[in-house]
Amino acid sequence: MGGATTSSFVAPPSSLRNSSPDDCGRSHQHHHHLQPPSAVNSSARSTTATTTTTATTTTTTTTTAMASLVHALDCVFTPSPGACEEVLACVQRVLGEAGFRGSAQALGPGPGACGSLSGDGETCACLCVRESGLLTIDLHRDEAVSPSPDELFSALEVALRELRTEVQHLRRLPPVHRGGPVERFWALSDGRVVEYDFEEETLTTRSAYQSVRVLRSPQYGSTLVLNGDVNLAESDAAYTQCIMGDGQETFTGRDVLILGGGDGAILHSLLSNYKPRSITMLEIDPVVMEACRTHLRSVCGDVLDSLSGPTHQIVVGDCVPALRRYADSGTEFDFIINDLTAIPISTTHHHDSSWEFLWLILELSLKVLRPDGKYLTQGNGYNMRAALRVYEQHLGQLQPPVGFTRRTANVPSYLELWVFYTIWKKTP
């Protein structure tokens, strides 16, 4: 059985035109912090082949930058006549006693108000009282200059609880870091915000398809970030294991096709742990591969140092025309590992080009998958239930019919559970 139907490789030329910015790479396609779907995974600088890329690269180290901490206090109170006025007067009195200067202004025609008060040591308090019964106080301070606001917030809590107005609850939120050398807050697939411990940016560049960055985390190690989307960190062996079938598949003696995979993790795992007959990796973005070859060596080893080896080759180009060439020539594979974009978060799949691309890759892949072969791919975050349901419903409607299994893994740097699929053709 070969990577082609013979033992020799059949591959498209490296100059294939990209037909979709999503053709390579793993993008979580979050709809908040990152937003262009990442046209991910990359290509490599080879010792045996040269590719030409246009990119502007900056390597940075940790720098000292002004950073601000924002402390927040929320108070929910029972709306009633005069409640807003009483709450506002209480807050302004306590802040005034603490040395803050300024006052709040009316918030629309009702009794609500908002304002900004300045304090000592470059401290600023922003407050808002709403007629619906919500008080929010955001205190901005220079971490290096201003003292902690714990005593001030304690005084506010005591004073508010002594009011005639009924206070339902008071909550302090964890302080938020603003500014600094590297952003800390990122959104997950379902929109929840999490804080990372990134300390420095070791690479920032832009390829023809996307922005490419490598950030350093004490917990997760060097982390590949594409179009603002955390893709893979040195800690994320669980991702590679699960997209390869979570140890349930054997690749020895088989022909394997990798779509995307430019971080080199899948290729490295296949070559280190199995003896496939042939591996072909189709990757569109050489800049990502070079970033991982340089900064994520623990993930890719030396597999990105060259575009070919005794049983594998990396083809730099668009996977869509390559898949069509394979289908036209009768080339088939035992395993196809789709490490391209994640399942889109949108559920309007009839009018979404991201879904259309996903269906196209699936359709073309099934055409070049052997009858007893397996198609392995990622899904999306566990909480993206509606999008995952759309995907599974589509699988159930395919003709010829397919079967699938679904598994979930905790990928450390994702900070959320991630879903993976194994798909196969049902026998008649």
Side-chain angles (χ1 to χ4, degrees), residues 32-33 62-188 190-199 415:
H32 7 78
H33 64 268
T62 304
T63 58
T64 301
M66 177 63 71
S68 173
L69 274 179
V70 182
H71 301 259
L73 175 67
D74 290 353
C75 172
V76 175
F77 58 90
T78 302
S80 61
C84 280
E85 293 84 350
E86 184 184 28
V87 169
L88 177 60
C90 171
V91 172
Q92 289 184 312
R93 174 179 59 79
V94 174
L95 290 175
E97 292 172 352
F100 285 81
R101 299 167 299 279
S103 60
Q105 307 298 318
L107 185 65
C114 64
S116 177
L117 292 79
S118 59
D120 297 330
E122 298 185 12
T123 302
C124 172
C126 301
L127 63 93
C128 182
V129 184
R130 296 187 179 276
E131 187 177 5
S132 59
L134 175 63
L135 161 69
T136 59
I137 301 174
D138 298 324
L139 191 142
H140 299 248
R141 71 181 183 94
D142 183 341
E143 188 174 12
V145 177
S146 306
S148 168
D150 286 348
E151 290 187 8
L152 174 60
F153 277 11
S154 294
L156 283 165
E157 290 167 345
V158 170
L160 288 166
R161 291 197 182 280
E162 291 176 347
L163 298 178
R164 293 189 303 273
T165 299
E166 179 187 12
V167 172
Q168 298 178 20
H169 62 72
L170 287 159
R171 296 194 182 111
R172 298 191 199 187
L173 279 64
V176 173
H177 288 80
R178 301 288 296 275
V182 182
E183 62 268 42
R184 300 171 65 104
F185 292 90
W186 302 65
L188 302 181
D190 58 3
R192 289 175 295 128
V193 176
V194 296
E195 182 176 8
Y196 280 86
D197 60 349
F198 295 133
E199 293 183 336
L415 298 179

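Put simply, the side chain of L127 reaches to within 4.5 Å of the side chain of L117, judged on heavy atoms.
Every residue meeting the ring-ring contact (aromatic ring centres under 6.0 Å, His included) condition with F198, not counting sequence neighbours, appears here in chain and number order: W186, Y196.
Counting only residues at least two apart or on different chains, the side chain to side chain donor-acceptor pair (under 3.5 Å) pairs with a member in residues 73-91 are T78-E166, T78-Q168, E86-T165.
The OG atom of S116 lies 11.5 Å from the CZ atom of R101; values are rounded to the nearest 0.5 Å. Taken from CZ in F77 to CZ in R130, the straight-line distance is 10.5 Å, to the nearest 0.5 Å. Rounding to the nearest 0.5 Å places CZ of F185 at 7.0 Å from NE2 of H177. Distance check: D142 CG to T123 OG1 gives 8.0 Å after rounding to the nearest 0.5 Å. Atom SG of C75 and atom CG of L134 lie 8.0 Å apart (nearest 0.5 Å). To the nearest 0.5 Å, the span separating CG on L139 from CG on L95 amounts to 8.0 Å.
Here the closest heavy-atom approach between residue S146 and residue R141 is recorded as O-NH1, 2.6 Å. Between G110 and E131, the shortest heavy-atom distance links the atoms CA-OE1, 4.1 Å. Counting all heavy atoms, side chain and backbone alike, P181 lies closest to E199 at CG-O, 4.3 Å. Residues E195 and L415 come closest through the heavy atom pair O-CD1, 4.4 Å. For the residue pair S132 and P79, the shortest heavy atom distance occurs at O-CG, 3.1 Å.
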What side-chain donor-acceptor pairs closer than 3.5 Å can you find for residues 151-159, not counting sequence neighbours?
unit_1 : atom_1 : unit_2 : atom_2 : d
S154   : OG     : D150   : O      : 3.0
S154   : OG     : R172   : NH2    : 2.9
E157   : OE1    : R172   : NH2    : 3.0
E157   : OE2    : R172   : NE     : 2.9

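Among L160, V129, L135, the single residue meeting the side chain to side chain contact (heavy atoms under 4.5 Å, CB included) criterion with C90 is L160.
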